[in-house]
Structures are given as C-alpha cells and as structure tokens.
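First the structure, in the form of structure tokens, and then the observations on it.
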Amino acid sequence: MNQLALITGASSGIGLELAKIFAKNGYDLIVNSENDEIFEAGEALRGLGVEVTEIQADLSTLEGAESLFDQVQNFGRTIDVVALNAGVGVGGEFISTNWDEELRMMNLNIVNTAFLAKKFVKGFSARDEGKLLITSSIAGELPGPYYAIYAATKAFLQSFSQALHYEMKDMGRNVTITALQPGATETEFFARGHMLDTPAGEAAKADPAIVAQDGFDALMAGKDSVVSGLKNKIQTAAGKLMSEQMGAANHAKQLKPNNLEKHH
Ligand SMILES: NC(=O)c1ccc[n+]([C@@H]2O[C@H](COP(=O)([O-])OP(=O)(O)OC[C@H]3O[C@@H](n4cnc5c(N)ncnc54)[C@H](OP(=O)(O)O)[C@@H]3O)[C@@H](O)[C@H]2O)c1
C-alpha cells in the first residue's frame, strides 16, 4: 500500500505543487483547502494515478481545524507525512490594515497550525515515525514593515518548527519537523494579501514547483529547515548579520506599497 500524505492549502500555489510531487513519488493524498477549488485540484491530482481524498475545511477556525483532524483520524489509515502549508498574508500600513483579516491570518498561520502540529506530532511520537513540513518563510527572519503581522506569524512558525525539531530529536523520536522557507513565489499569495502594488509584488518571483521540490527534498532528508533558492539563501544569511532595524529597512523596501494613498 502507498504511503499517505496530508497537505493543507493544496488547492493552489506551493501546496498544489507539493501535492503533485507527493503523488509523483507514489503517495496517496488527503488534500485540504477552504474553498471548492480543492475538488478541482483533487480531480487533477487523481490523474497522477494515486488515491486522493479532499477535505474542505476553513483552518482559520478551530471547528475547521478540529474537523480536518477528526476526518483524517477516522480515515482508517496511518498518516505518514503532514504538510501544514495553508497560510495567507495581509499587506499594508499597520494603522490601516483590517484587524479582522489579521486575526483570521493569525488564527490560520499561527494558532491552528500549532494546534494541528500538536495533534499530528502526538500521533507520530506515539508511533515513533512521521514527518511534518511547515511552510514558514524567509519573511520570518527579519521584522517586516508593511506586512508586520504576517512576518511575525512566520517568525513564530520558524521558531516553533526549529524548537519542535530539536525536541523530537532530544527525546530520541524518529520524527522530523522541517520548515520550508520560500522567498517571493508566483502564487495567489500577493494578490490575496493586497501586496501586488509593492516592489516585491511587481518583481519576478520563484516557480512554486521548484519551491515545493526544495521542501519535499528537505522533508525527506529530515532537515530542520530549508531556504528555497540561492538568492534567498544569501539574503537570509546576510540578514542574520544585520541589526533588526537595518533588516526592517531592507524588508520595507520590498513591501512598502508603491502608492500608499490607494491603500487608505
Ligand atoms: N507566495 C509567496 O511569496 C510565499 C512566500 C513565503 C511563504 N509563503 C507561504 O506559502 C504558503 C502557501 O501559500 P501560496 O504562496 O502557495 O499562496 P496561495 O496560492 O494563495 O495558496 C494558499 C493556499 O492556502 C489555502 N488557504 C487559505 N486560507 C485557508 C483557510 N482559512 N483554510 C484552509 N486553507 C486555506 C488556499 O485555499 P483557499 O483558496 O481555498 O482559501 C490555498 O490552497 C503560505 O503559508 C504562505 O504564507 C508564500
């Protein structure tokens, strides 16, 4: 029987590419997203010759996250890999951004990612086997003016993933947690987070298929973390040598809306 992978946020972008790579490597899939597009993605993934089950759930709510976990638990098969990838951004000046959107983002990117990690890693730990991928970001490495809360959600995920990776190793468990750190990637992320009208939004971006492959390879190798792309690796390494305010200034150059008036 094939191994089984769960991928959240698998209807588009990096998550959909991750799902394709898992399928090509012979994994059966459970794919999740919030909207109906997950069924289109599921249909396309079935074309790759593996079993695919769609679970539609809004992971910005506790009910959605609980429902996803319960359905996976009741699926009747061992889950080998979990990729907690669903996430959104919210760009703009902090004084003008919408709090409800930011709260949803924090619940999705932070609270329910940690909740699902707790549920699944408990099972992995008891079985002494399992791999968890968390889609973090290079944005979490430095303070991120003009998407301040988003960058902070990714700083949380990066710290959390690294800590959990260490904890599992320290406890002698055959369980690995891998943080995937993409840079700007050509997905729906920038449009959805109102960030198209920024230097980063307008610049050329990485191919999500390459980003997903980097994540898959690091996950399979049991690495703690991977920065996708040479330019991003250099930028991240350089960032670690800067003061936080210098890093914030560099980050702001990329994410500051071109025309702030439009965002008021
Ligand atoms: N693109 C970048 O530049 C970039 C860089 C670094 C990190 N990342 C991270 O990469 C991850 C994937 O994003 P992406 O770039 O591939 O963007 P994307 O194309 O917008 O994909 C986001 C995925 O998450 C799902 N999702 C959003 N809200 C959800 C919710 N409440 N419940 C369940 N699923 C939800 C979306 O499904 P629905 O459409 O159904 O909501 C979609 O499948 C995110 O964690 C993001 O922070 C992206």
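Atoms within each ligand, like the ligands themselves, are counted from 1 in listed order. Values reported hereafter were calculated over all heavy atoms of this structure, with side chains retained and with hydrogens, waters and symmetry mates removed.
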Problem set entry | For atom 25 (C) of ligand 1, the protein heavy atom that lies nearest, with its residue and separation | Gly9 CA, 3.5 Å
Problem set entry | Expected output: side-chain Asn112 to main-chain Leu108 donor-acceptor under 3.5 Å | no
Seminar exercise, completed: ligand 1 to Phe190, heavy atom cutoff 4.0 Å, flagged ligand atoms 3 (O)
Exercise. Salt bridge between Arg104 and Glu101, side-chain N to carboxylate O under 4.0 Å?
Worked result: no
Problem set entry | N/O donor-acceptor pair under 3.5 Å between Thr153 side chain and Tyr150 backbone | yes
For this session: May I ask whether Ser136 places a heavy atom under 4.0 Å from ligand 1?
Result: yes
Exercise. Is there a donor-acceptor contact under 3.5 Å from the side chain of Ser159 to the main chain of Ala155?
Worked result: no
For this session: Answer yes or no: is there a donor N or O on one side and an acceptor on the other, between the side chain of Lys256 and the main chain of Glu93, under 3.5 Å?
Result: no
Exercise. Which class fits the ring pair Phe216 and Phe22: parallel under 30°, tilted 30 to 60°, perpendicular over 60°?
Worked result: perpendicular
Seminar exercise, completed: shortest atom 13 (O) of ligand 1-to-protein heavy-atom contact is with Gly87 O, 4.3 Å
Exercise. Hey, does the side chain of Asp224 reach the backbone of Thr178 with a donor-acceptor pair shorter than 3.5 angstrom?
Worked result: no
Problem set entry | Per-atom contacts of ligand 1 with Val88, taking only distances under 4.0 Å to non-hydrogen atoms | 27 (C), 28 (N)
Exercise. Numbering the atoms of ligand 1 from 1, which are under 4.0 Å from a heavy atom of Asn35?
Worked result: 38 (P), 39 (O), 40 (O), 41 (O)
For this session: Using a strict 4.0 Å cut-off to heavy atoms of Ser137, name the atoms of ligand 1 that fall inside it.
Result: 6 (C), 7 (C)
Exercise. Is the backbone N or O of Ser228 less than 3.5 Å from a side-chain atom of Asn232, with the two atoms forming a donor-acceptor pair by type?
Worked result: yes
For this session: May I ask you to identify the nearest protein heavy atom to atom 19 (O) of ligand 1, giving residue, atom name and distance to one decimal place in Å?
Result: Ser12 OG, 2.8 Å
Problem set entry | ligand 1 atoms in contact with Gly13 (distance to a heavy atom under 4.0 Å) | 16 (O), 19 (O)
Seminar exercise, completed: Among non-hydrogen protein atoms, atom 33 (C) of ligand 1 lies closest to Ala57 O, 3.4 Å
Exercise. Relative to the heavy atoms of Ala184, which atoms of ligand 1 are at a distance of less than 4.0 Å?
Worked result: 3 (O)
Exercise. In ligand 1, which numbered atoms sit nearer than 4.0 Å to a non-hydrogen atom of Ala10?
Worked result: 43 (O)
For this session: Compare Ile134, Asn85, Ile14, Ile138 and give the one whose heavy atom is closest to atom 11 (C) of ligand 1.
Result: Asn85
Problem set entry | Test item: Asp28 side-chain N/O and Val50 main-chain N/O as donor-acceptor pair under 3.5 Å | no
Exercise. Ignoring hydrogens and geometry, is there a side-chain-to-backbone donor-acceptor pair from Gln56 to Glu34 under 3.5 Å?
Worked result: yes
For this session: May I ask you to check whether Ser11 has an N/O atom sitting below 3.5 Å from an N/O atom of ligand 1?
Result: yes
Exercise. Can you tell me which residue and heavy atom of the protein come closest to atom 32 (N) of ligand 1, and the distance to 0.1 Å?
Worked result: Leu59 N, 2.9 Å
Problem set entry | atom 3 (O) of ligand 1 [closest protein heavy-atom partner, distance rounded to 0.1 Å] | Thr185 N, 2.8 Å
Exercise. Which bit of Lys154 gets closer than 4.0 Å to ligand 1, counting heavy atoms only: side chain, backbone, both or neither?
Worked result: side chain
Exercise. Does the pair Tyr146 and His251 meet the rule for a ring-ring contact (aromatic ring centres under 6.0 Å, His included), with working shown?
Worked result: CA-CA 9 Å; Tyr146 302 105; His251 214 155; over 10 Å; no
Problem set entry | Region of Arg192 that comes within reach of ligand 1 [heavy atoms, distance under 4.0 Å] | side chain
Seminar exercise, completed: In this structure, atom 31 (N) of ligand 1 is nearest to the protein heavy atom Asp58 OD1, 2.8 Å
For this session: Considering only non-hydrogen protein atoms, determine which one is nearest to atom 10 (O) of ligand 1 and report residue, atom name and distance to 0.1 Å.
Result: Thr135 CG2, 3.3 Å
For this session: Compute the minimum heavy-atom distance from Gly183 to ligand 1 and say whether it is under 4.0 Å.
Result: yes
